[in-house]
Chemist: 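Questions regarding the structure given below will be posed in turn.
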Amino acid sequence: MRLAVVGSINTDMTVTAERIPLKGETLMGSSLSYIPGGKGANQAVAMAKLGAEVEMFGCVGDDSNGEKMLENLKAVGAEHIQILKGVPTGIAMITVGDNDNTIIVVPGANGKVDRAYIDSIKSELEKFDMVVLQHEIPLETVHYVIEFCYEKGIKIVLNPAPAAAVPMEIIDKVTYVTPNEHEAVLIFGDKLSTEDLLRKYPEKLVITQGSRGVSTCLKDGRILNIPARKAQVVDTTGAGDTLNGAFSVRIAEGKAIEDALTYANVAASLSTEKFGAQTGMPTAEEVETELKK
Ligand code: RIB
């Protein structure tokens with residue numbers, strides 16, 4: 001099965017400090033790194049590290065960050081990434097400290113991933129079996145891709161991060177939607193309990209719950225909760241991306257949702273034990289070893 005990601009490519013400007021600063025506070029940091037990130041690119045790299053054949057679609061600027069980010073995507077297919085003249089590559093300003101982080105994204109070229117770009121890659125996209133999307137490119141483009149993939153019968157995983165409302169007709173067209181609790185409330189409202197909400201979308205809605213793990217409702221109506229694995233946390237940046245990447249790989253391999261989520265949960269937890277969104281992502285072998293423990 002061939003997987004594609006249509007999404008963001010960022011350079012993460014990551015500062016480590018003892019803790020994340022309070023509003024209006026100045027703290028002394030201990031390091032500053034410029035490393036590959038972006039929810040789209042992170043999910044593509046997570047899949048490639050787990051052995052999947054994956055291609056990344058999106059845009060970078062014609063700056064040195066763009067060059068480095070393209071170089072970094074060599075293991076993933078990156079042939080159709082557009083380099084935009086006079087536009088900066090996306091940047092994420094990240095603070096990491098005390099098992100937590102804050103992130104501000106300046107989209108740059110990611111904000112230019114538009115319908116015209118999608119039209120230019122449609123004949124390529126059609127060749128994939130599953131397309132994975134996030135919310136770091138214009139939402140209008142995300143919905144446009146979903147409409148296209150739905151028409152073509154291509155499976156769609158929507159990771160609706162960062163949080164934004166999603167029209168119900170778009171939810172109806174995706175195969176899987178994987179919000180965290182906050183994103184789920186924004187999309188589905190807060191009238192239903194988490195369990196009742198999951199029951200409305202069996203084996204389609206997957207809600208990530210941080211240190212409480214990940215939940216879905218099985219087709220037989222049982223609520224499945226996979227508790228989080230205990231980790232020696234260094235940096236949680238990209239853990240959600242690892243989960244989405246690993247989940248997509250396992251589903252694409254034809255595994256049952258329980259298997260896919262168990263695997264993804266362990267992969268995400270392992271990714272927090274090393275620094276960086278992508279540098280910490282585990283290989284298939286590392287996940288398998290951990291699962292056998
Ligand atoms: O999910 C983590 C990612 O969010 C970071 O890599 C950063 O680029 C932001 O997009």
Side-chain angles (χ1 to χ4, degrees), residues 1-11 36-45 47 54-63 65-67 69-70 73 76-92 104-179 183 186-187 204 241 244-245 248 252:
M1 243 206 180
R2 292 191 68 207
L3 289 133
V5 177
V6 182
S8 58
I9 303 161
N10 290 335
T11 298
K39 294 188 194 302
N42 290 348
Q43 294 182 20
V45 168
M47 295 178 206
V54 51
E55 177 155 358
M56 175 77 208
F57 294 87
C59 296
V60 294
D62 62 344
D63 50 11
N65 282 339
E67 256 173 57
M69 295 310 112
L70 278 182
L73 288 169
V76 168
E79 232 180 276
H80 301 93
I81 292 178
Q82 218 168 58
I83 304 170
L84 302 177
K85 282 216 166 64
V87 179
T89 297
I91 290 266
I104 298 179
V105 175
V106 182
N110 299 310
K112 308 271 182 207
V113 180
D114 56 11
R115 276 173 185 248
Y117 171 71
I118 301 303
D119 287 341
S120 76
I121 58 161
K122 273 182 175 171
S123 57
E124 287 305 314
L125 268 189
E126 264 185 87
K127 298 177 189 161
F128 292 87
D129 306 291
M130 182 183 269
V131 170
V132 181
L133 295 142
Q134 314 74 28
H135 275 176
E136 270 185 351
I137 56 172
L139 293 182
E140 197 231 353
T141 311
V142 173
H143 301 164
Y144 188 56
V145 176
I146 290 171
E147 300 279 2
F148 174 73
C149 293
Y150 181 74
E151 262 172 42
K152 298 286 172 193
I154 301 168
K155 284 197 173 129
I156 305 157
V157 177
L158 173 63
N159 171 222
V166 181
M168 282 306 132
E169 57 268 29
I170 290 295
I171 294 293
D172 289 345
K173 289 178 176 157
V174 304
T175 323
Y176 299 98
V177 56
T178 62
E183 290 152 4
L186 198 74
I187 297 168
K204 169 177 183 134
D241 298 329
N244 277 279
S248 303

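Only heavy atoms go into these numbers, but all of them, side chains included; no hydrogens, no water, no symmetry mates.
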Chemist: Under a 3.5 Å threshold, yes or no: a donor from one side chain and an acceptor from the other, between D172 and Y150?
Modeler: no

Chemist: Give the intermediate values and the outcome of side chain to side chain contact (heavy atoms under 4.5 Å, CB included) for residues I81 and M69.
Modeler: CA-CA 11 Å; I81 292 178; M69 295 310 112; over 6 Å; no

Chemist: For K112 and G61, indicate whether the former's side chain and the latter's backbone hold a donor-acceptor pair under 3.5 Å.
Modeler: no

Chemist: Check whether any side-chain heavy atom of F148 sits under 4.5 Å from a side-chain heavy atom of L125, and report yes or no.
Modeler: yes

Chemist: Any sub-3.5 Å donor-acceptor pair from K152's side-chain atoms to K127's backbone N or O?
Modeler: no

Chemist: As an exercise, state the distance from CZ of R2 to CD of E124, rounded to the nearest 0.5 Å.
Modeler: 7.5 Å

Chemist: I'd like to check V45 versus P36 (side-chain heavy atoms, cut-off strictly below 4.5 Å). Are they in contact?
Modeler: no

Chemist: Closest heavy-atom contact between A164 and I187?
Modeler: O-CG1, 3.6 Å

Chemist: So, taking the atom named CG in L158 and the one named SG in C149, what distance separates them when rounded to the nearest 0.5 Å?
Modeler: 11.0 Å

Chemist: Quick one: does any side-chain atom of T175 pair with a main-chain N or O of V157 as donor and acceptor, under 3.5 Å?
Modeler: no

Chemist: Report yes if some heavy atom in the side chain of K155 is under 4.5 Å from a heavy atom in the side chain of M1; otherwise report no.
Modeler: yes

Chemist: Check whether any side-chain N or O of D62 sits under 3.5 Å from a backbone N or O of G86 as a donor-acceptor pair, and report yes or no.
Modeler: yes

Chemist: How long is the straight-line distance from CG of N159 back to NZ of K39, given to the nearest 0.5 Å?
Modeler: 7.5 Å

Chemist: At what distance, to the nearest 0.5 angstrom, does CD1 of I121 lie from CZ of F128?
Modeler: 9.0 Å

Chemist: Any side-chain heavy atom of V174 sitting closer than 4.5 Å to one from V166?
Modeler: no

Chemist: With a 4.5 Å heavy-atom cut-off, do E67 and T89 have their side chains touching?
Modeler: no

Chemist: Shortest non-hydrogen contact from A252 to M130?
Modeler: N-CE, 4.1 Å

Chemist: Under the side chain to side chain contact (heavy atoms under 4.5 Å, CB included) rule, what do V113 and F57 come out as? Steps first, then yes or no, please.
Modeler: CA-CA 9 Å; V113 180; F57 294 87; over 6 Å; no

Chemist: Show, in sequence, the C-alpha distance, side-chain angles and deciding distance for V76 and M47, and conclude whether the side chain to side chain contact (heavy atoms under 4.5 Å, CB included) test is met.
Modeler: CA-CA 9 Å; V76 168; M47 295 178 206; over 6 Å; no

Chemist: For D114 and T141, which heavy atoms make the closest approach, and how far apart are they?
Modeler: CA-OG1, 3.6 Å

Chemist: Using the side chain to side chain contact (heavy atoms under 4.5 Å, CB included) definition, which of the options N10, I91, I9, L70 pairs with N65?
Modeler: I91

Chemist: Working to the nearest 0.5 Å, report the span between CG of L139 and CD1 of I170.
Modeler: 10.0 Å

Chemist: Closest approach of E147 and K173, non-hydrogen atoms and distance?
Modeler: OE1-NZ, 2.7 Å

Chemist: Hey, does S248 have a side-chain heavy atom less than 4.5 Å from the side chain of Q43?
Modeler: no

Chemist: Using every non-hydrogen atom in the two residues, find where H135 and P162 come nearest and quote the distance to one decimal.
Modeler: ND1-O, 3.0 Å

Chemist: Could you tell me which non-hydrogen atom of M56 sits nearest to which non-hydrogen atom of A44, and how far apart they are?
Modeler: SD-CB, 3.9 Å

Chemist: With rounding to the nearest 0.5 Å, note down the distance linking CG in D129 to CD1 in I154.
Modeler: 8.0 Å

